[in-house]
Amino acid sequence: MSKRTEVKAILEGYEGLIGQELTVMGWVRAFRSNRFIALNDGTSMNTLQVVVDFEQLDEEVLKQISFHACVKATGKLVESQGAGQDVELLAEQIEILGATNLEEYPLQPKQQSMEFLREKAHFRMRTNTFSAVFRIRHGIAYAVHKYFNDNGYFYLHTPIITGSDAEGAGEMFRVTNFDIDKPPRTEEGAVDFEQDFFEKPTNLTVSGQLQAEIGALALGKVYTFGPTFRAEKSNTSRHLAEFWMIEPEVAFYDIFDNMDLAEDFCKSLIHHILEHYSAELEFLDQRIEKMERNMPKEQRRNMGLIETLRFVVDNEFERITYTEAVNLLRKSKPYKKGKFEYGVEWGKDLQAEHERYLVEKKFKKPVIVRDYPASIKAFYMRMNDEQENVPGKTVAAMDVLFPGIGEVIGGSQREERLDVLRERMAEMDVPEEELWWYLELRKFGGCPHAGFGLGFERMVQFITGMGNIRDVIAFPRTPGNAEF
RNA sequence: GCCUCAGUAGCUCAGCUGGUUAGAGCGGCGGACUGUUAAUCCGUAGGUCAUAGGUUCAAGUCCUAUCUGAGGCGCCA
């Protein structure tokens, strides 16, 4: 079984293979004229044409060569007589590895809606679009590890089950092995978590950052890359209940080093995909172009997918402070014309419509906004010194905003001063006893450090141009959805 | 959680202001043809019009509720 030649290897290096007898295995994308199989084995965007001699072939076998059937073909590789491809395999033997009953099979050889395919997640990877997306997703994951490895970072596995609910990143999923119908209770009637598996309440992690800081303060440069969970009932095209997050954390970095890292890192991921997945990108680019042909002009993107990616790699990200952003927004046309639904006021968080204006209209490229009001950001972000012309206290936080999907990265320089940190925790009602170890990091050998979280699926979304985040993760978990 | 829109054949959709037996393309099945490239041609089957109520002489069409999906917003990555 293992002696097969991959379609990609044949299509990309057929010179040395012509005249040889090869075995290929894969799924039938099309069967034309009772003679031509377009065979795809997932290794490539493209198909290998397998030519069948239907006069010689057993009729039972011939009948089973159908859309998305799995076949094994052995024969000689020759130059193709037809115009659509350079080489083809003249099959001497055909074996059906897995037939597909088309009366029951839901997919069709035509464009189908993303929503429909989402319900058929066990089959959707067989389509061109999804196979392209998932090959690229792999490529980005690889590029993440490569970038950090090449730059001296260590991959740290932070826990998925956490005993702290003070991470401040949103609603959490409870982890327990209690019988939820009748959990043990204390004499007062409360659920008695001391009898639970971990002898305390535990949750699925919303961030590995606090633990990553432990790593940074020993290994210098670390990153995490793992699943992350949010129990928020977010119904949008850019939120998942289970997603993958990348969190570098670096000792001796300030907010500016952090921004440099974020920008360089994003560009390196995009660059890697432009270099190694051009066939996939071209396919996705054309897909979007076709889709946009039916849309009114003002809704179309002004650049194609590949063009956008090149543009992001070749240009500096715009860097502004939150205060500058507020001033810009207040001077903007949509603000003056009353087009914004939400007001722009120093101290209030920027809304999606405001970010979109800055990224898509004003600067037309990724924007890094920093120095947000302390009141709207997490307790661990480093308090800035008072600044001129800034009406309130700010923290050294930064958000990287991308066109189309908004916030891709959120990060900050961390508060390393024990007294300031404790003050902030008190203000924001973060219990010290749960984060005693986090405080001790400041007490013993602390140092300035910084880091950020990058939503992996959002980056995959940006690079593939997919409109909905549910279509860049194999098995999306969202409110009301945990099938497959 | 909020707002808007949608749900008609396996899929994509048409069905005008309520009015006879609900249509098309694709796909399926049967057949023809065979160097095709979304192969082509002929034939054929397939629908409790999301669900439950209601208005009306009459509901796919109007109203209400529920469910599902999409888009936008909030929360964020």
Side-chain angles (χ1 to χ4, degrees), chain A residues 29-38 46-55 63 66-68 78 80-85 88 90 100-120 128 167-171 205-209 224-247 262 290 294 299 340-342 349-356 376-378 399-402 405-411 452-462 467-473 478-481:
Chain A
R29 284 292 175 81
F31 187 39
R32 289 182 288 267
S33 297
N34 243 4
R35 191 191 288 273
F36 304 101
I37 299 173
N46 298 308
T47 56
L48 175 70
Q49 174 149 292
V50 175
V51 185
V52 174
D53 185 352
F54 58 86
E55 282 161 332
K63 260 184 141 173
S66 69
F67 180 63
H68 282 190
V78 298
S80 178
Q81 295 174 36
Q85 56 285 313
E88 61 194 21
L90 296 180
T100 288
N101 178 353
L102 293 175
E103 274 182 271
E104 290 170 36
Y105 189 61
L107 300 202
Q108 282 179 40
K110 67 163 189 176
Q111 284 269 340
Q112 296 196 271
S113 71
M114 291 295 116
E115 296 80 43
F116 172 72
L117 292 169
R118 215 171 282 152
E119 288 169 16
K120 316 287 174 204
N128 279 330
E167 285 160 19
E171 293 294 304
T205 184
V206 292
S207 162
Q209 178 207 315
T224 75
F225 184 3
T228 310
F229 307 87
R230 303 275 164 92
E232 247 107 50
K233 293 212 168 181
S234 300
N235 272 307
T236 80
S237 56
R238 50 185 196 287
H239 287 88
L240 291 164
E242 177 182 290
F243 65 101
W244 287 65
M245 187 152 67
I246 297 147
E247 296 176 290
K290 272 183 218 156
N294 306 320
Q299 282 178 32
F340 287 141
E341 196 185 329
Y342 292 86
D349 209 355
L350 299 179
Q351 301 297 316
E353 58 178 355
H354 306 143
E355 296 180 347
R356 188 159 283 167
I376 57 170
K377 288 289 180 182
D399 282 358
V400 180
L401 311 174
F402 267 42
I405 42 182
E407 188 179 343
V408 170
I409 285 177
F452 60 78
L454 180 143
F456 182 62
E457 282 78 15
R458 288 194 183 166
M459 184 53 81
V460 181
Q461 239 189 308
F462 180 74
N468 196 312
I469 201 165
R470 297 163 193 203
D471 299 328
V472 300
I473 186 164
T478 55
N481 273 303

> Is F67(A) close to L107(A) at the side-chain level, that is, under 4.5 Å between some pair of heavy atoms?
Replying inline: yes

>> Measuring only the P atom in each nucleotide, how far is rU20(B) from rA59(B)? A whole number of Å is fine.
In response: 11 Å

> Roughly how far apart, to the nearest Å, are rG60(B) and rG53(B) at atom P?
Replying inline: 15 Å

> Which part of the nucleic acid, if any, lies within reach of Y105(A) when heavy atoms closer than 4.0 Å are counted: base, sugar-phosphate only, or nothing?
Replying inline: nothing

> Nearest heavy-atom pair of E88(A) and Q81(A): which atoms, and what distance?
Replying inline: OE2-N, 3.9 Å

> To the nearest angstrom, how far is N101(A) atom CG from rG27(B) atom P?
Replying inline: 17 Å

> Looking at residues at least two apart in the chain, or sitting in another chain, which of them share a salt bridge (Lys or Arg N to Asp or Glu O under 4.0 Å) with D471(A)?
Replying inline: R118(A), R124(A)

>> Can you tell me how far apart CE (M459(A)) and CZ (F402(A)) are? Round to the nearest 0.5 Å.
In response: 4.5 Å

> Which heavy atom of E247(A) sits nearest a heavy atom of S207(A), and at what distance?
Replying inline: OE2-OG, 2.9 Å

> Between the side-chain atoms of S234(A) and the base atoms of rC75(B), is any donor-acceptor pair under 3.5 Å?
Replying inline: yes

> Roughly how far apart, to the nearest Å, are rG18(B) and rC11(B) at atom C1'?
Replying inline: 29 Å

>> Could you tell me how far apart Q112(A) (CD) and rC13(B) (P) are, to the nearest whole angstrom?
In response: 11 Å

> With a 3.5 Å cut-off and just heavy-atom distances, do the side chain of R35(A) and the base of rC33(B) make a donor-acceptor pair?
Replying inline: no

> Base, sugar-phosphate, or nothing: which does F116(A) touch, judged by heavy atoms less than 4.0 Å apart?
Replying inline: sugar-phosphate

> Can the ring centres of Y342(A) and H354(A) be said to be less than 6.0 Å apart?
Replying inline: no

>> Considering every strand and a 4.0 Å limit on heavy-atom distances, what is the contact class for R29(A): base, sugar-phosphate, or nothing?
In response: nothing

> Can F36(A) be said to stack with the base of rG35(B), given centres closer than 5.5 angstrom and planes under 30 degrees apart?
Replying inline: no

> How far does the P atom of rA50(B) sit from the matching atom of rA6(B), given to the nearest Å?
Replying inline: 13 Å

> Please, what dot-bracket string fits RNA chain B when only Watson-Crick and G-U pairs with both distances under 3.5 Å count, crossing ones use [ ] and pairs to another strand use |?
Replying inline: (((((((..((((.....[...)))).(((((.......))))).....(((((..]....))))))))))))....

> Do any side-chain nitrogens or oxygens of R470(A) fall under 4.0 Å of OP1 or OP2 in rG69(B)?
Replying inline: no

> Can you give one letter per nucleotide of nucleotides 37-47 of chain B, going 5' to 3': B for a protein heavy atom under 4.0 Å from the base, S for sugar-phosphate only, - for none?
Replying inline: B-B--------

> E115(A) CD to rC11(B) P: how many Å, rounded?
Replying inline: 13 Å

>> Under 3.5 Å, is there any donor-acceptor pair linking the side chain of E88(A) to the base of rG35(B)?
In response: yes

> How is L240(A) classified with respect to the nucleic acid when contacts are heavy atoms under 4.0 Å: base, sugar-phosphate, or nothing?
Replying inline: base

>> I need the CG-P distance between N235(A) and rC3(B), as an integer number of Å.
In response: 13 Å

> Can you name the nearest heavy-atom pair linking P227(A) to T205(A), along with the distance?
Replying inline: O-CG2, 3.8 Å

>> Can you check the distance between rG25(B) and rC62(B), where both ends of the measurement are the C1' atom (answer in whole Å)?
In response: 30 Å

> Between atom CZ in F340(A) and atom P in rG74(B), what is the gap in whole Å?
Replying inline: 12 Å

> Closest to the N481(A) side chain: rU34(B), rG69(B), rC76(B)?
Replying inline: rG69(B)

> Quantified in whole Å, what is the C1' atom distance between nucleotide rU17(B) and nucleotide rA58(B)?
Replying inline: 16 Å

>> Looking at the base of rA77(B), is there any donor atom on it, or on the side chain of R238(A), that sits under 3.5 Å from an acceptor on the other one?
In response: no

> Do V408(A) and L454(A) come close enough that some side-chain heavy atom pair is under 4.5 Å?
Replying inline: yes

> Of the candidate nucleotides rC76(B), rA70(B), rG35(B), which contains the atom at the shortest distance from the side chain of V51(A)?
Replying inline: rG35(B)

> Checking all strands, does N468(A) fall into the base, sugar-phosphate, or nothing category for heavy-atom contacts under 4.0 angstrom?
Replying inline: sugar-phosphate

> Which of these nucleotides, rC73(B), rG28(B), rA77(B), is closest to any side-chain atom of L102(A)?
Replying inline: rG28(B)

> Got a donor-acceptor pair under 3.5 Å from the side chain of Q108(A) to the base of rG10(B)?
Replying inline: yes

>> Quick check on side chain to side chain contact (heavy atoms under 4.5 Å, CB included): which of R356(A), E457(A), Q461(A) does I405(A) satisfy it with?
In response: Q461(A)

>> For the backbone of R458(A) and the side chain of R238(A), can you confirm whether one donor and one acceptor N or O come within less than 3.5 Å of each other?
In response: no

> Given the C1' atoms of rG31(B) and rC13(B), what is the spacing between them in whole Å?
Replying inline: 29 Å

> Atom CD1 of I246(A) to atom C1' of rC76(B): distance rounded to whole Å?
Replying inline: 16 Å

>> Using whole Å, what does the distance between atom P of nucleotide rC11(B) and atom CE of M114(A) come to?
In response: 16 Å

>> Quick check: on RNA chain B, is the nucleotide nearest K63(A) upstream (toward 5') of the one nearest I376(A), or the reverse? Name the residue that is more 5'.
In response: K63(A)

> Can you tell me how far P of rC76(B) sits from NZ of K233(A), to the nearest Å?
Replying inline: 18 Å

> Does T236(A) place a side-chain N or O at less than 4.0 Å from the phosphate oxygens OP1/OP2 of rG74(B)?
Replying inline: no

>> Measuring only the P atom in each nucleotide, how far is rU64(B) from rU4(B)? A whole number of Å is fine.
In response: 12 Å

> Starting at the 5' end of RNA chain B, which residue's closest nucleotide do you reach first, E103(A) or A352(A)?
Replying inline: E103(A)

> Does the side chain of V206(A) come within less than 4.5 Å of F229(A)'s, by heavy atoms?
Replying inline: no

> Roughly how far, to the nearest 0.5 Å, is the NE2 atom of H239(A) from the CZ atom of R230(A)?
Replying inline: 8.5 Å

